[in-house]
Amino acid sequence: MRSRLHERFQSALRELLAEAGSQAPPPDFSLEVPRNPEHGDFACNAALLLAKPLERPPRQVAEQLIARLTAGEGVIARAEVAGPGFINVWLRDERWQDLLRSVLTQGRRYGRSEQAAGAQVQVEFVSANPTGPLTLGHGRQAVLGDCIARALEAVGSRVTREYYFNNGGRQMRVLGESVRARYLEQLGRAAPPPDTGGDAETPWPESIDGLPVVFPRDGYQGDYIGEIAADLVARDGDALTEEPGEGVFREVAEQQVFGEIRKTLDALGIHFDVYSNEMALYQEGKLEETLADLRMRDLVYESEGAVWLRATALSLGRDRVLIKKTGEPTYLLPDIAYHREKFRRGFDRIIDVQGADHIEQFPFVRAAVGALGCPVEKLELVMNQFVTLTRGGEQVKQSKRRATYVTVDELLGEVGPDVFRFFMVQRKAEGHLDFDLDLAKDTDWKKNPAYYVQYAHARSCGVERKAREQGVAIPDAASADGSLLSLPEELEILKKLGEFPDVVARAAEAREPHHLAYWVRELAGLWNPYLQDGVRHRVLSDDPALTSARLGLALAVRTVLANALECLGISAPEQM
RNA sequence: GCCCCGGUAGCUCAGUCGGAUAGAGCAGUUGCCUUCUAAGCAACGGGUCGGGGGUUCGAUUCCCUCCCGGGGCACCA
C-alpha cells in the first residue's frame with residue numbers, strides 16, 4: 001500500500017522539478033503512517049524538502065504536489081496541506097477494504113516479498129564454545145539471530161545459519177582438565193578444589209589431606225562437569241586414571257556439552273545449517289595460509305617471542321598477538337582465517353551476531369580480511385547486549401565464575417520456548433534486556449504479551465469453529481467482501497494489516513526483528529478488544545452478508561498473526 | 001585513562017536515515033458495560049526525552065561537551 005503511494009509521490013516530484021527546470025534528483029522524502037490519525041493515513045514531508053530547490057514556500061509547493069497527486073482516478077480520497085507544509089493523504093476506504101481479499105489470496109505468503117530475492121546471506125550466531133550450557137546471553141543471541149534469518153528469508157534471501165566454535169584452544173583444555181579432576185575425585189584419587197571465593201590471591205594448594213588437588217584454578221565449576229565425570233566412572237571405572245593428559249576427557253566433554261547445546265537449540269526451534277570449528281581450520285592448513293598471506297603484506301612481525309598483527313598499519317589503535325610465545329594461536333588468527341573462508345564461500349552478505357563482550361575483536365578481524373583483499377563492505381556486525389533476570393522484583397545475581405548463572409534450559413523449563421522467544425526478541429538488540437521472569441511466567445493472557453498475541457490467534461480460530469458449528473459459510477479469497485467493513489475499528493484493523501509487509505521489510509533490512517514483536521502486539525491489541533466487545537459488533541450475527549465480511553476479517557487477521565509469529569519462530573496455537 | 005552501548009511516564013520499553021500536540025504495555029484513579037475463550041470500553045493523572053551548548057523552517061533524533069549506568073580495553077574466551 002505504502003510503496004504504491006510512494007511511487008506516485010515520486011513521479012509527482014519529478015514532474016514538478018522538471019517543470020521548474022531543475023536537474024536535481026527528487027529528494028529522499030518520508031511517507032509515514034502518522035501517529036495522530038487526524039494527520040491522515042499517510043503523511044509526507046516532500047514539500048518541505050522541495051521548498052529550497054524550487055525557491056518557493058513549502059505550503060505552495062505542497063498545493064502543487066497535491067494537484068498532481070489527485071488528478072485523474074484516485075486511490076486518494078483526499079489530501080491536504082498541514083502545518084508548515086506536510087501533505088496528509090487519506091485513501092479511499094475501498095483501498096483498505098480490498099486488503100481483505102488480497103490477504104486471503106496471499107495467505108501464508110502475505111508479508112513476504114522478493115525484495116532481496118536470491119541474495120545469499122550467512123548469519124553466524126550463538127557460536128558459544130562448548131565449555132558449558134548456554135546462558136541467557138546466548139539464548140538472546142540465538143533468538144535474535146534466528147529471527148533475523150527468518151526476516152531475511154521473508155524478503156527472499158537464502159540464508160545459511162552458521163555456528164562457529166573454538167575447540168582448539170586453552171579453554172577446551174581446561175574443560176578436559178576439569179572433568180579429569182572430577183573423575184579422580186569421584187574415585188577418591190584427588191581432593192576437591194578449595195573454595196577461594198573467586199579470589200585470585202588465595203593460594204591454591206597442591207594437595208589436601210594427602211590427596212592431590214587436580215582441579216585447575218580456572219576450571220569449570222558447574223555441576224555438569226561432575227555429571228560427565230560420573231558417566232565416565234560408570235562406563236570405564238578407574239580405567240582412565242592413568243591417561244596421560246586431559247585429551248580423552250576433553251573429547252568426551254566436548255561431545256557431551258555440545259550435544260546438550262544442540263538439544264537446547266532444538267528446544268528453541270533453532271536449527272543450524274553449518275557448524276564450523278577451529279580444529280577444521282587447523283587441519284586444512286588455513287591458519288598457516290592466512291598467516292603467510294598476512295606476512296606477505298608486511299602485517300606480521302615477531303616480538304617478545306610472540307607473533308603480532310601489525311594492526312596499527314591498518315589504522316587501528318594497537319597491534320595484537322596472533323601466536324603466543326607458547327606457540328599456540330590466540331583466537332584472532334583462526335577468526336581471521338574463518339572469516340576469509342566465509343568470503344570465499346561466495347556470500348553476498350555476511351552477518352555476525354555477537355555479544356557486547358566480543359565486539360572489541362571485530363574491527364581487527366574486519367581490517368585483517370580487508371587487507372587480504374576481501375570485500376569487507378559485505379561484512380556486518382549485529383551487536384547484542386546482556387540479559388539480566390528479574391525474579392520477584394529483584395535482579396538475580398549471575399556469576400559465570402561460580403557457575404551460578406541461569407541457563408537457557410532452566411528458563412525454558414519455566415516458561416517454554418514461545419514465551420522465551422517473545423521476551424528475548426521484543427527489545428532492540430543493542431539495549432540491555434531485562435527478562436522479567438514473573439511476567440514471563442504469568443499465564444494471564446492479558447498481562448503476558450506472548451500469550452496475548454497467541455490468544456488473539458486462538459480466538460480467531462475459535463470464531464471460525466463456532467461459525468462452522470452454526471453452519472455459516474466460511475468465506476475464501478474469492479467470496480470475501482470487505483466493503484461492509486466500515487466501522488472505524490474495522491478500518492483501523494485493515495490499515496494495520498496493510499502495514500505488515502513494510503514491517504517485515506524493515507525488520508529484515510535493519511536486522512531489527514523487535515519491530516515485528518511490537519507490531520504484532522499492536523495488531524493483537526486491536527483485535528482482542530474487537531472480539532471481546534461483542535455488543536457493538538459481533539462477527540457472527542443475524543446479518544449473513546455482514547457475518548461473512550467479519551468472518552473474512554477474522555480469517556485475515558488470523559493469517560497475518562500467524563505469519564508474524566512465524567517470522568519470530570513462535571507457534572500460533574488454534575486453541576489455548 | 002581510552003573504546004562501544006544505553007539514559008524517554010511510577011516500572012519495563014517503542015519511537016521510521018530531522019517532522020506536526022513524544023507513545024505502548026503494566027501499575028494508579030474514575031465512570032460505563034456484561035461478551036464469539038479467560039472481562040472489555042472510555043476518560044483522567046503522570047514527561048526539564050540525563051544536563052548544557054551548537055547546526056536549521058523544525059532536534060528525543062545530527063554534532064560538541066559534561067554527568068550517570070552496563071560492557072570492553074590480555075600472549076582469557
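Residue numbering restarts at 1 for every chain, and letters A, B, ... go by the order of the sequence lines.
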Roughly, in whole Å, what's the span from [atom1] in [X] to [atom2] in [N]?
X	N	atom1	atom2	answer
A:Asp442	B:A38	CG	C1'	12 Å
A:Gln426	B:G15	CD	P	13 Å
A:Gln354	B:C4	CD	C1'	13 Å
A:Tyr518	B:C13	OH	P	9 Å
A:Glu80	B:A20	CD	C1'	12 Å
A:Phe422	B:A14	CZ	C1'	12 Å
A:Leu531	B:C41	CG	P	11 Å

Counting only heavy atoms from other residues, nucleotides and ligands, does the tally under 6.0 Å from CG of A:Asp542 exceed 12?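 Counting neighbours around CG of A:Asp542, 12 or fewer heavy atoms of other residues, nucleotides or ligands fall under 6.0 Å, so no.
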Does [N] pair with anything, Watson-Crick or G-U wobble, both distances under 3.5 Å, and if so, with which nucleotide?
N	value
B:U35	none
B:G28	B:C44
B:G69	B:C5

State, with a plain yes or no, whether a side-chain heavy atom of A:Glu490 is found less than 4.5 Å away from one of A:Leu553.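 A side-chain contact under 4.5 Å exists here.
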Classify every nucleotide of nucleotides 70-77 of chain B by which part a protein heavy atom approaches to under 4.0 Å, writing B for the base, S for the sugar-phosphate alone and - for neither, in 5'-to-3' order. BSSSSBSB
Is there, by distance only and without an angle test, a donor paired with an acceptor across the side chain of A:Asn45 and the base of B:A20 below 3.5 Å?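 No, no donor-acceptor pair under 3.5 Å.
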Give a yes/no answer on whether the side chain of A:Lys428 brings an N or O atom under 4.0 Å of OP1 or OP2 in B:G6.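 Checking B:G6 against A:Lys428, no side-chain N or O comes under 4.0 Å of OP1 or OP2.
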List the residues meeting side-chain contact (heavy atoms from CB on, under 4.5 Å) with A:His432, not counting sequence neighbours, and say none if there are none.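 With sequence neighbours excluded, A:His432 shows a side-chain contact (heavy atoms from CB on, under 4.5 Å) to A:Gln385, given in chain and number order.
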